Amino acid sequence: MTERTVAYTADAIRAAEAPLLAAGRPLMREAARALAAVVADELARTPGPVLVLAGSGDNGGDALFAAADIARAGTRVDVVLTRDRVHREALDTALAAGARLRDASEICASDPDHVLVLDGILGIGASADPRLRGTARAVVEALLPAVVAGRVRVVAVDVPSGLHPDSGEADAAVLPAETTVTFGAVKAGLLRGYGPRLSGRLVLVDLGLEPQLRRVHPAITAAVPVVRRSSPERA
Ligand SMILES: NC(=O)C1=CN([C@@H]2O[C@H](COP(=O)(O)OP(=O)(O)OC[C@H]3O[C@@H](n4cnc5c(N)ncnc54)[C@H](O)[C@@H]3O)[C@@H](O)[C@H]2O)[C@@H](O)CC1
Ligand SMILES: [K+]
């Protein structure tokens, strides 16, 4: 009998994160460390270069801090920024660790030689309309055939980019993930609408948020399995 997975809305999770952040918990570093460990497990099975898609917010920040760990482990890591803004410290950390900045137009022009894409374009900060636009959309549409053909696997950071974190609504420009590494609590959108189809295996990084969430926020549940990992920093 599959354990029922409990999920919450993005706002509830953000509210639960706030006091931890205010207390100075390095949540992003903890999230990124756990994310890099999941990617390392995936690469152990099929080694090869990793393509990191980074958006302009903290979702991109998670992906870029994880990219630094992945590059340090000796994997070739290419980074594509999908917006002109980016989490500066995370990008600098990734580049200092040996990750290489590539132009989105290069990725759109040729078939990727990567084995894995880390999708850090958009997470729970998606505006009301999470549909991807501009460069983010162009890069996702360029990668879709290789992903759908199974030549490239996707690890989604927190939620697949373009999927609504609460409702699970999505349009065609979303990279179906083999694994979604979600932080603090499962987002409702991973269990609703297109969520189950686009998110793949769910890995929940336990940041110690759930007791607080359970006390104050209504939850949704579904019989979708989830793998729980505590973040290495807290282990
Ligand atoms: N709050 C925290 O400290 C933590 C947050 N974490 C990460 O932070 C993420 C949330 O970060 P943010 O609040 O910065 O938001 P996001 O990084 O999810 O996205 C916000 C950025 O995306 C842009 N954007 C909005 N709608 C878009 C669209 N439709 N297409 C393309 N770009 C769009 C916005 O301009 C904004 O710059 C989470 O998903 C998670 O990955 C985790 O590290 C856990 C801890
Ligand atoms: K994402």
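When a ligand or atom number is given, it counts from 1 through the structure's own listing order. Please read all numbers here as calculations on a predicted model, not as lab measurements.
Each of the atoms 14 (O), 17 (O), 21 (C) of ligand 1 lies under 4.0 Å from some heavy atom of Gly57. For ligand 1, the atoms closer than 4.0 angstrom to any heavy atom of Met28 are 43 (O). Of all the atoms in ligand 1, the ones that sit under 4.0 Å from a non-hydrogen atom of Ala31 are 43 (O). Near Asp129, with a cut-off below 4.0 Å to any heavy atom, the atoms of ligand 1 are 29 (N). Distances below 4.0 Å separate heavy atoms of Leu27 from the following atoms of ligand 1: 45 (C). Per-residue contacts place Gly123 under 4.0 angstrom from the following atoms of ligand 1 (heavy atoms of the residue considered): 16 (P), 18 (O), 39 (O). Against a heavy-atom cut-off of under 4.0 Å, Leu21 is close to the following atoms of ligand 1: 1 (N), 2 (C), 3 (O).
By the 4.5 Å heavy-atom criterion applied to side chains, Leu118 and Ile70 are counted as neighbours. Residues Leu122 and Leu132 have side chains in contact (heavy-atom distance under 4.5 Å, counting atoms from C-beta outward). Using a 4.5 Å heavy-atom threshold, the side chains of Leu81 and Leu101 count as touching. The closest side-chain heavy-atom distance from Val115 to Val152 is not below 4.5 Å. Using a 4.5 Å heavy-atom threshold, the side chains of Phe183 and Leu207 count as touching. Put simply, the side chain of Arg137 reaches to within 4.5 Å of the side chain of Asp171, judged on heavy atoms. Contact check for Val205 versus Leu35: no side-chain heavy atoms found under the 4.5 Å cut-off. Using a 4.5 Å heavy-atom cutoff, the side chains of Leu202 and Val186 are in contact.
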Evaluation steps, salt bridge (Lys or Arg N to Asp or Glu O under 4.0 Å), between Glu89 and Arg29: CA-CA 12 Å; Glu89 183 198 352; Arg29 295 287 182 137; 2.6 Å; yes
Check against salt bridge (Lys or Arg N to Asp or Glu O under 4.0 Å), Asp113 and Arg76: CA-CA 11 Å; Asp113 65 346; Arg76 191 193 103 203; 3.0 Å; yes
Verdict with supporting geometry, Leu64 and Met28, side-chain contact (heavy atoms from CB on, under 4.5 Å): CA-CA 10 Å; Leu64 289 166; Met28 179 169 279; over 6 Å; no
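Look at Arg137 and you'll find every heavy atom at least 4.0 Å from all atoms of ligand 1. Heavy atoms of Arg85 come nearer than 4.0 angstrom to ligand 1 in at least one pair.
Distances from the K ion (ligand 2) show that Ile121 has no N/O/S atom below 3.4 Å.
The K ion (ligand 2) sits nearest to atom O when only the N, O or S atoms of Asp119 are considered.
Thr9 and Asp166 share no side-chain donor-acceptor pair at under 3.5 Å.
At the shortest separation from atom 14 (O) of ligand 1 among protein heavy atoms lies Asp58 N, 2.8 Å. Looking only at heavy atoms of the protein, atom 44 (C) of ligand 1 is closest to Glu17 OE2, 3.7 Å.
At a 4.0 Å heavy-atom cut-off, ligand 1 touches Pro130 through the backbone alone. Heavy atoms of Thr82 found under 4.0 angstrom from ligand 1: none, in either backbone or side chain. Only the side chain of Asp158 comes within 4.0 Å of ligand 1, counting heavy atoms alone; its backbone N, CA, C and O stay farther away. Residue Asp62 touches ligand 1 through its side chain alone, judged by heavy-atom distances below 4.0 Å.
For the residues Val159, Leu122, Asn59, Val205, the heavy atom positioned nearest atom 30 (N) of ligand 1 is part of Leu122. Here atom 36 (C) of ligand 1 lies nearest to Ser56 when heavy atoms of Ser56, Ala66, Gly184 are compared. Of all the listed residues (Ala63, Gly125, Ala10), Gly125 holds the heavy atom that lies closest to atom 15 (O) of ligand 1.
At the K ion (ligand 2), the vertex angle linking O of Leu122 with OD1 of Asn59 is 70° (nearest 10 degrees). If you put the vertex on the K ion (ligand 2), O of Val159 and OG of Ser161 sit 100° apart, to the nearest 10°.
Polar contact check, Val157 against ligand 1: no nitrogen or oxygen pair lies under 3.5 Å apart.
A centroid separation of 6.0 Å or more is found between the aromatic rings of His164 and Tyr194.
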